[in-house]
Amino acid sequence: MPSYATNMRLKFPILALTLEAVTIVLYALLVVYDTGDAHGHDGSHAESNTTHSSSPMTLYPMFQDVHVMIFIGFGFLMTFLKRYGFSSVGINLLLAAFGLQWGLLLQNIWHMHDGKIRVSIEKMINADFSTATVLISFGAVLGKTSPVQLLIMTLLEITIFCINEHLVVEVLNVSDVGASMTIHAFGAYFGLAVAGVLYRPGLRNGHENEVSVYHSDLFAMIGTVYLWMFWPSFNSAIAEPGDPQLRAVINTYFSLAACALAAYATSSLVEKKGKLDMVHIQNATLAGGVAVGTCADMDIQPFGAMAIGITAGVISTVGFKFLTPILASKLGIQDTCGVHNLHGMPGILGGLAGILAAALGKKAGVSPGYQACGLASSLGFALVGGLITGLIMKIPFWGQPPDQNCFDDSIFWEVPEEEEENEERLTHGDYSKTKTEA
Amino acid sequence: MPSYATNMRLKFPILALTLEAVTIVLYALLVVYDTGDAHGHDGSHAESNTTHSSSPMTLYPMFQDVHVMIFIGFGFLMTFLKRYGFSSVGINLLLAAFGLQWGLLLQNIWHMHDGKIRVSIEKMINADFSTATVLISFGAVLGKTSPVQLLIMTLLEITIFCINEHLVVEVLNVSDVGASMTIHAFGAYFGLAVAGVLYRPGLRNGHENEVSVYHSDLFAMIGTVYLWMFWPSFNSAIAEPGDPQLRAVINTYFSLAACALAAYATSSLVEKKGKLDMVHIQNATLAGGVAVGTCADMDIQPFGAMAIGITAGVISTVGFKFLTPILASKLGIQDTCGVHNLHGMPGILGGLAGILAAALGKKAGVSPGYQACGLASSLGFALVGGLITGLIMKIPFWGQPPDQNCFDDSIFWEVPEEEEENEERLTHGDYSKTKTEA
Amino acid sequence: MPSYATNMRLKFPILALTLEAVTIVLYALLVVYDTGDAHGHDGSHAESNTTHSSSPMTLYPMFQDVHVMIFIGFGFLMTFLKRYGFSSVGINLLLAAFGLQWGLLLQNIWHMHDGKIRVSIEKMINADFSTATVLISFGAVLGKTSPVQLLIMTLLEITIFCINEHLVVEVLNVSDVGASMTIHAFGAYFGLAVAGVLYRPGLRNGHENEVSVYHSDLFAMIGTVYLWMFWPSFNSAIAEPGDPQLRAVINTYFSLAACALAAYATSSLVEKKGKLDMVHIQNATLAGGVAVGTCADMDIQPFGAMAIGITAGVISTVGFKFLTPILASKLGIQDTCGVHNLHGMPGILGGLAGILAAALGKKAGVSPGYQACGLASSLGFALVGGLITGLIMKIPFWGQPPDQNCFDDSIFWEVPEEEEENEERLTHGDYSKTKTEA
């Protein structure tokens, strides 16, 4: 019975507390501070050695930039819906807070020292990264899933992400410093697979709440601008210190700048009367950061980064305009935030650019064949993992909201009573009725 | 006569300019740059010596994180009320801007060099910290006090804070790196004492403006998320460089992550139908940062930090649900923002955790007895100082707003007229017409 | 015909793509990474040498602070208008994204190494700085210009800025570390000259959309507070490392703190009933950052910085209250954001303070005469450049919006339909009633 199913009492707190309880036990057994003394006999981790040579806090400002992208950037980017801001920022915080604890465990069980995971700033950055996959997938199913379903998705997606990341980065030695493939393409196609499994014919003709209002679009711009500004930190945080890290910053800076121009131009080109569309500006301006990720630390020169950025900006905007409606109507994939346009296609573009750059010898020791394997692996794990996860999420007990309660915070949140507003709504049919039913 | 009393003309500008004039004279006499040359014969300040060994700017990124917490974090956290956002962000800026100038003076008169206070980044961080006490207390009396009263509170509270901090940290040598006791518990109980003195029976049954609207809750989430993200900087900024500072970052990171899960779970558990309450999410998710403060730099390991965070998240949420109404109805303490739940109880929890950690030997040279004295001293100074300050603030001349004007910016601010908007829209069918024309 | 002229289709995308295409070609020919190996034979650039001695990433946290000021600070500061937030944040992003690419080219064609511009973090900071001039001028013409006009202004203004900056800083060797003269005064008077040329008699009696609403004022405070917090980074980012950089941070910190008190006091003093005016708080609190810019790295001591800050806060607030209306009515200069009060007069004050400080010997090797030349040059280039640019922008083909469509996003953006909300307001009368009662 739906009215029971969407009632979170007990179900949600028990799941959240159980996950946290399991996590804290595993931390008590496995996780300690990285005091730097164990690095002498750590042959496999040249990278963190280099970082540590100066100070354990060297990467801290970059960590904070990434942290802002995860919690403010992703959180506010999704507040564009008029009645789904609480969930966007709030559930984003919940998923990322659990995800970073889980991700840190799973990313590091492959290489423990004396049976312990040693936490450093770099590992915290990677843990934050692991949550990005979930937040991207969250965008695909935004408004149509319950917090319980999303916690389950977080648990499964981060687990699958860590397996693929280990395979791609550590086993195949693929270069993906800004994670175009392992985070962006992975997170997008994982989310699209979930959205496909959870397809709702009832939303085929849209939903009255699946729209923005003026100020919700401005809140979303907070997310956009923070993501745009700090993307150079995302793509360079775990790059090799020195010139590679500098290159990653510079390439991302110019890719995003060029991408912004391309996104504005394309948005105007495809809209009637040449007007700009907020959805394009909120999203497609960021595609350059995604697409330059894989080759951010390579010697592609600023104009190469700009070329990638322009391509991404055009593809992403065109995707929002023409592809998203087709995905929904023909393939049954309802992608609320358009993550296919922001993370999916630009992520693949990033993977392809990486293959090309490798073929052109832009980074020593990187092979185009292995790069291609990395892309294929990320897409494969995403699609299969997303399908399985979607099927598990589909179990009615998890409390998926019925169609009429989608895109509406009030099903899972106490929302302020706005009397006058309610009365209006009451008169016109909409929001309050939905609320009473729930 | 109230209409005279709440008129700020002359009263407010004269007080503000007098305070600034006194400050600038004291700065001209006492305050110079810390050019580093005076450190040779500075035996007492090993800490700032260490910092200076690398560069005078080493702590600057941490300073900026703390700065963001003070001005964006505290400021926007309080914007949740539907008609009190101007005061929340605006008066927060005013009080902190004065407070940091006053705090830097008072914190350093105890140890001047050649009769001068030498300003460094570390001293600026401490000055920012001193303002946090006032901003916490501001939360307890939000909406019920005039800017004049609040400037007086700032002057007195920072003065009393500096005495207690000197006693606790320098004389008793208590360890409180994240200031659970000296800032959070102090600021909360100081503010609660003031709120008790300024008790308003007329607000016993609430006030029509003491509610949030949808977008005011979203503005408040900007504050929440920034506080949440940058709390590791708050707790580690003045820690000893190296491993202790790294520990402070890691402990705070995990305490907050675990606290978030606990706060969400508890919020759902105590609300009807398991819905989440924005007040809990905005505040209780942060309690883990407060509670881990005292032992942030101690060797409590990540799982210890998580245990503290979970406890804080549960206590804080339960406090909002059950304790705040009792405080208001039984004790006559009307705590607008619930600072007792976010800073008060978690601050005491932090102090107790510090005593326990000291007893377990988690930090060399720290004694549980002295830690207990530090907690007692902070609470004592807060309550006595808050009572005295409250009595001074109660003098009618300072222009305390009458009950009916509480929680309403328009008593102290020119607020935009929104009548015409309605009328205009009504008359013109407005906006859409313009649009159609275009 | 206006309806054709304001239609951006083709016109806007073609211009944007052409500018980006020209830029990418120039980058392919001229711009490479600064790998540090070319510095041996770089006699003229002692500054970047010093910076590089430690690591290419040393300035990165400061760069990010400046980046936040440019994209969040300037962008949100202009969102105060009730129906112009999309353009404020969105066009700000567009202009800055193009401007930084263009500025990096133009600022560095004067000193290339082996025919190449070598990009470093410092050059990225300077590129961000160059966009600030345009964003300041944007404030003067906000709401009255088309994106096409603004792209043309960006191209021309940054070009003229780079010529003046080269003349002032490199040829005349003027000291202007925080750019009071070369950015703030320049940007303001350039924008005022453009506004004068584009004078609209039809807006003499105001425009129904040239007002704020409650939440638009809160969005603007996001911009204000970020600018306020990070201004120490703006004024110190390119200062000489060590004590001069520390001085620049400290002076700006105290100037802003003192300025805030002065702005609040003056706002209350000049308003009826002593109420605070949001426009003053949003802007005049920042004037201290502008005015201390030129002598930020000089040995003026904290109290000297505070004196400058107080003066700037008073002048700026008084300017908003009394001067802006006169400029509009007598001189035909309609300054939407009041940049004359925030950047113009405080910028000149900064230049004058620099002359005085130079005369008092507060920085070795700086001459009051040359400082005065720097101020005169900046004002001259601004006024002449602004007049010429304004005349070019006035060409009807660029699609300047007609008076009735000013200050309204919907002429250039797809905006969400908000019909029902109007109807509700109409029926209930809502908020204004509450206000009237109060």
* To do: May I ask you to name which of C/Leu94, C/Ile121, C/Val119, C/Val31 has the most heavy-atom pairs under 4.5 Å with chain A?
  => C/Leu94
* To do: Identify which of A/Gln245, A/Met221, A/Met278, A/Glu271 forms the greatest number of heavy-atom pairs closer than 4.5 Å to chain C.
  => A/Met278
* Anything under 30° is parallel, anything over 60° is perpendicular, the rest tilted; go ahead and classify C/Phe129 against C/Phe234. => tilted
* **Side chain, backbone, both or neither of A/Ile281 within contact of chain C (heavy atoms, under 4.5 Å)** => side chain
* Asked: Is A/Ser88 reaching over with its side chain to a backbone N or O of A/Tyr84, donor-acceptor style, under 3.5 angstrom?
  -> yes
* Can you measure from CG (C/Leu81) to CG (C/Asp217) and round to the nearest 0.5 angstrom? => 9.5 Å
* Pair C/Trp413-C/Ser87, side-chain donor/acceptor within less than 3.5 Å -> yes
* **Interchain contact, A/Pro61 with chain C, by part (heavy-atom threshold 4.5 Å)** => side chain
* Salt-bridged, A/Lys363 to A/Asp299, with N to O below 4.0 Å? -> no
* A/Tyr264 portion near chain C, given a 4.5 angstrom heavy-atom threshold -> both
* Asked: Looking at C/Val68, C/Val89, C/Leu17, which makes the most heavy-atom pairs under 4.5 Å with chain A?
  -> C/Val68
* Please flag which part of C/Leu104 lies under 4.5 Å from any non-hydrogen atom of chain A: side chain, backbone, both or neither. => side chain
* Structure fact -> chain C shares the most heavy-atom pairs under 4.5 Å, among A/Met62, A/Arg247, A/Met229, with A/Met229
* Under the side-chain contact (heavy atoms from CB on, under 4.5 Å) criterion, do C/Ser146 and C/Gln400 qualify, and how do the steps go? -> CA-CA 5 Å; C/Ser146 73; C/Gln400 183 167 322; 5.7 Å; no
* Asked: Ring centres of C/His67 and C/Phe71 under 6.0 Å apart?
  -> yes
* **Residue selection (most heavy-atom pairs with chain A, distance under 4.5 Å) from C/Phe76, C/Tyr60, C/Phe98** => C/Tyr60
* Asked: For A/Ala263, is it the side chain, the backbone, both, or neither that has a heavy atom closer than 4.5 Å to a heavy atom of chain C?
  -> neither
* Asked: Between A/Val225, A/Val211, A/Val249, A/Leu218, which residue shows the highest count of heavy-atom pairs closer than 4.5 Å to chain C?
  -> A/Leu218
* To do: Check each atom of A/Ser233 against the heavy atoms of chain C and say whether the ones under 4.5 Å are side chain, backbone, both or neither.
  => both
* Interchain contact, A/Asp65 with chain C, by part (heavy-atom threshold 4.5 Å) -> side chain
* Atom pair CG/CD1 of A/Leu77 and A/Ile222 - distance to nearest 0.5 Å -> 11.5 Å
* Which one, A/Lys272, A/Gln282, A/Gln64, leads in non-hydrogen pairs under 4.5 Å with chain C? -> A/Lys272
* Asked: Do A/Phe303 and A/Phe254 have their ring centres less than 6.0 Å from each other?
  -> no
* Would you give the length of the straight line joining atom OG of A/Ser267 to atom CE of C/Met8, rounded to the nearest 0.5 angstrom? => 8.0 Å
* Let me know if C/Ile91 has heavy atoms under 4.5 Å from chain A in its side chain, its backbone, both or neither. => both
* Asked: Contact part of C/Phe412 toward chain A, heavy-atom cut-off under 4.5 Å: side chain, backbone, both or neither?
  -> backbone
* To do: Could you look at C/Met124 and say if it's the side chain, the backbone, both or neither that has a heavy atom under 4.5 Å from chain A?
  => both
* **Contact winner vs chain A - C/Leu26, C/Leu100, C/Leu151, C/Leu19, heavy-atom pairs under 4.5 Å** => C/Leu100
